[in-house]
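Just so it is clear, the values below take in all heavy atoms, side chains as well, and ignore hydrogens, waters and symmetry mates. Residue indices begin at 1 and follow the sequence shown.
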Amino acid sequence: MRAKVGDTLVVPGPEIRTGLVIRVLGQEGAPPYVIKWQSDGHIAMVTPGEYSRIVPARREDARGHVAGAGLADL
């Protein structure tokens with residue numbers, strides 16, 4: 001699993017949790033991550049489980065092309 005600041009962490013379960021990656025503590029995008037949970041704004045250090053996934057943030061290149069997906073694309 002690899003993430004960048006601005007990506008979204010999605011954690012499955014009885015209630016799906018999503019959070020914004022605000023800091024990457026591992027090397028080359030590896031966990032753990034500092035996450036700001038969207039439901040309540042709580043900030044926590046998280047090492048995601050095997051069923052969690054990262055949704056890349058939308059990023060524009062120099063030509064204005066959008067790369068990556070957003071939560072709306074789930």
Side-chain angles (χ1 to χ4, degrees):
M1 178 176 294
R2 300 281 183 245
K4 295 180 181 177
V5 171
D7 291 347
T8 300
L9 174 67
V10 180
V11 179
E15 187 174 317
I16 295 175
R17 294 191 74 193
T18 59
L20 181 67
V21 177
I22 59 173
R23 188 165 179 205
V24 177
L25 301 174
Q27 294 182 6
E28 298 179 14
Y33 307 121
V34 177
I35 302 295
K36 182 174 183 181
W37 295 111
Q38 292 181 333
S39 62
D40 59 7
H42 180 79
I43 295 175
M45 184 172 66
V46 176
T47 300
E50 64 181 308
Y51 297 110
S52 299
R53 64 185 170 128
I54 295 292
V55 178
R58 292 182 180 267
R59 294 180 176 87
E60 287 189 25
D61 64 16
R63 294 178 285 170
H65 295 124
V66 175
L71 278 178
D73 299 322
L74 292 177

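Atom NZ of Lys36 is separated from atom OG1 of Thr8 by 13.0 Å, given to the nearest 0.5 angstrom.
With contacts defined as side-chain heavy-atom distances shorter than 4.5 Å, the pair Ile16/Val10 qualifies. Counting heavy atoms from C-beta outward, Pro48 and Val11 have side chains that stay 4.5 Å or more apart.
Within the hydrophobic cluster formed by Ile, Leu, Val, Met, Phe, Trp and Tyr side chains joined at under 4.5 Å, directly or through other members, Tyr51 stands alone, with no partner residue.
Proximity of a side-chain donor or acceptor of Asp7 to a complementary backbone N or O of Ala57 within less than 3.5 Å is detected.
Nearest heavy atom pair, residue Trp37 against residue Thr18, reads CE3-O, 3.4 Å.
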Show the atom names and distances, to 0.1 Å, of all donor-acceptor pairs under 3.5 Å that link a side chain in residues 19-35 to residues at least two apart or in another chain.
{"residue": "Tyr33", "atom": "OH", "partner": "Met1", "partner atom": "O", "Å": "3.4"}
{"residue": "Tyr33", "atom": "OH", "partner": "Gly29", "partner atom": "O", "Å": "2.8"}

